[in-house]
Amino acid sequence: MKYLLPRQKIFAILSKQLRNNFSLLSDELPLLEVAFDQALIRCNTCFSRCRNKYYKDSEGVVFNPFHSGQYTIFLYWLARCLYEEWGERVRSLCDRIYFLNRALNSVDLYYEVKLPEFFFLEHPLGSVIGRATFGDGFVFHQQCSVGGNHDIYPRLGSNVILFSGAKILGNCSV
């Protein structure tokens, strides 16, 4: 995967965003660095299967941290990778990354929600993607909601696309 900016510059932007908006402790930087690389790998998996013209060029996948859709996916994977690797030990850092994603991109994409290896979003403003079972190829657009009802969650199969305003709640299968 190519980067619009050098990898180190993207990391510096992320670190500054966290530091300026919340806090970033010096002992969190090494963990963030490891998860950063893991998140980029997962983004490559998502972006390489995406047909959106803004995710690739003639040479392959391109990560642009100034493309809000790409950055939304990246921040989700970053918090998710941290949480998968270190669990409760890094919950505060994961929460800050999640909140940064909400503030920058107006999407509620919690790191404890397990999304498939390949998912995509298009203009996700106002979407809340909660707990459910998701199949590969999940796509959502603006103002979509997925979530539980009395701790019972939906099951979405492969290649499900939620268009603008879709709501899937509770005990259902799609």
Side-chain angles (χ1 to χ4, degrees), residues 1-25 28-57 59-87 90-132 134-142 144 146 161-162:
M1 179 165 64
K2 295 185 334 183
Y3 307 108
L4 182 69
L5 301 173
R7 185 203 160 285
Q8 298 80 3
K9 179 71 174 168
I10 297 169
F11 187 80
I13 290 168
L14 169 69
S15 301
K16 189 171 186 176
Q17 288 171 334
L18 288 169
R19 195 174 296 112
N20 288 346
N21 288 290
F22 310 104
S23 68
L24 184 60
L25 306 174
E28 294 173 325
L29 277 172
L31 303 176
L32 191 64
E33 184 88 33
V34 170
F36 183 85
D37 289 332
Q38 293 171 353
L40 289 172
I41 291 167
R42 289 191 172 182
C43 283
N44 187 48
T45 299
C46 279
F47 300 171
S48 66
R49 301 209 25 214
C50 174
R51 290 179 280 182
N52 186 297
K53 64 183 177 182
Y54 298 110
Y55 286 67
K56 297 178 186 174
D57 67 12
E59 299 172 20
V61 176
V62 178
F63 176 51
N64 177 356
F66 305 119
H67 182 282
S68 65
Q70 289 186 17
Y71 206 57
T72 298
I73 293 169
F74 168 72
L75 290 174
Y76 164 78
W77 280 126
L78 181 64
R80 180 77 190 167
C81 289
L82 279 162
Y83 186 70
E84 286 175 347
E85 186 73 26
W86 293 287
V90 295
R91 181 172 290 281
S92 173
L93 179 56
C94 294
D95 285 343
R96 285 175 269 152
I97 294 167
Y98 158 74
F99 191 36
L100 179 65
N101 208 2
R102 280 189 70 173
L104 291 176
N105 302 304
S106 298
V107 63
D108 191 324
L109 199 54
Y110 195 51
Y111 57 89
E112 283 189 19
V113 172
K114 186 177 185 208
L115 289 172
E117 291 299 311
F118 166 61
F119 74 95
F120 178 70
L121 46 85
E122 183 70 42
H123 305 294
L125 299 173
S127 291
V128 178
I129 306 302
R131 298 182 200 284
F134 298 92
D136 255 349
F138 174 61
V139 177
F140 67 96
H141 294 257
Q142 64 269 20
C144 292
V146 175
I161 300 173
L162 301 183

(request) Find out whether Y71 and L14 are in side-chain contact, i.e. whether some heavy atom of one side chain is under 4.5 Å from a heavy atom of the other. (result) yes

(request) Kindly indicate whether the side chain of P124, heavy atoms from C-beta on, has any atom under 4.5 Å from the side chain of N105. (result) no

(request) Go through E85 and Q38 one step at a time and tell me if the side chain to side chain contact (heavy atoms under 4.5 Å, CB included) criterion holds. (result) CA-CA 10 Å; E85 186 73 26; Q38 293 171 353; 4.0 Å; yes

(message) Does F99, at its CZ atom, have more than 12 non-hydrogen atoms belonging to other residues, nucleotides or ligands within less than 6.0 Å?
(response) no

(message) Can you tell me if K9 has over 12 outside heavy atoms packed within less than 6.0 Å of its NZ?
(response) no

Rounded to the nearest 0.5 Å, what separates atom [atom1] in [X] from atom [atom2] in [Y]?
{"X": "L121", "Y": "I129", "atom1": "CG", "atom2": "CD1", "value": "8.5 Å"}
{"X": "F63", "Y": "F74", "atom1": "CZ", "atom2": "CZ", "value": "5.0 Å"}
{"X": "L4", "Y": "H67", "atom1": "CG", "atom2": "NE2", "value": "11.5 Å"}
{"X": "K56", "Y": "C50", "atom1": "NZ", "atom2": "SG", "value": "7.0 Å"}
{"X": "Y3", "Y": "L40", "atom1": "OH", "atom2": "CG", "value": "4.5 Å"}
{"X": "L100", "Y": "Q17", "atom1": "CG", "atom2": "CD", "value": "5.0 Å"}

What are the two closest non-hydrogen atoms of [X] and [Y], and how far apart are they?
{"X": "P65", "Y": "L5", "answer": "CG-CD1, 4.2 Å"}
{"X": "L78", "Y": "L32", "answer": "CD2-CD1, 3.9 Å"}
{"X": "V113", "Y": "G130", "answer": "CG1-O, 3.4 Å"}
{"X": "L115", "Y": "Y76", "answer": "N-OH, 3.0 Å"}
{"X": "A39", "Y": "C81", "answer": "N-SG, 3.9 Å"}
{"X": "A79", "Y": "C94", "answer": "O-SG, 3.4 Å"}

Main-chain N/O of [Y] paired to [X] side chain as donor or acceptor, under 3.5 Å:
{"X": "S127", "Y": "H141", "result": "yes"}
{"X": "K114", "Y": "R80", "result": "no"}
{"X": "D136", "Y": "F118", "result": "yes"}

(message) Evaluate L82 against I97 for side chain to side chain contact (heavy atoms under 4.5 Å, CB included), listing each step before the verdict.
(response) CA-CA 10 Å; L82 279 162; I97 294 167; 3.4 Å; yes

(message) Assess whether a salt bridge exists between R91 and E112, defined as any Lys/Arg side-chain N lying under 4.0 Å from an Asp/Glu carboxylate O.
(response) yes

(message) Does this structure show an ion pair linking E33 with R7, if we count only N-O contacts that are shorter than 4.0 Å?
(response) yes

(message) Looking only at side-chain N and O atoms, does Y98 offer a donor or acceptor that is under 3.5 Å from a partner on D108?
(response) yes

(request) Return yes if a side-chain donor-acceptor contact under 3.5 Å exists between D95 and Y111, otherwise no. (result) yes

(request) Check F140, F138, Y55 against F120 for a ring-ring contact (aromatic ring centres under 6.0 Å, His included) and give me the one that passes. (result) Y55

(request) List the steps and the verdict of side chain to side chain contact (heavy atoms under 4.5 Å, CB included) for K16 and I13. (result) CA-CA 5 Å; K16 189 171 186 176; I13 290 168; 5.9 Å; no

(message) Show every side chain to side chain donor-acceptor pair (under 3.5 Å) that has at least one partner inside residues 43-52, sequence neighbours left out.
(response) N52-E122

(message) The test is side chain to side chain contact (heavy atoms under 4.5 Å, CB included); show your working for D57 and K2 and say whether it passes.
(response) CA-CA 10 Å; D57 67 12; K2 295 185 334 183; 2.4 Å; yes

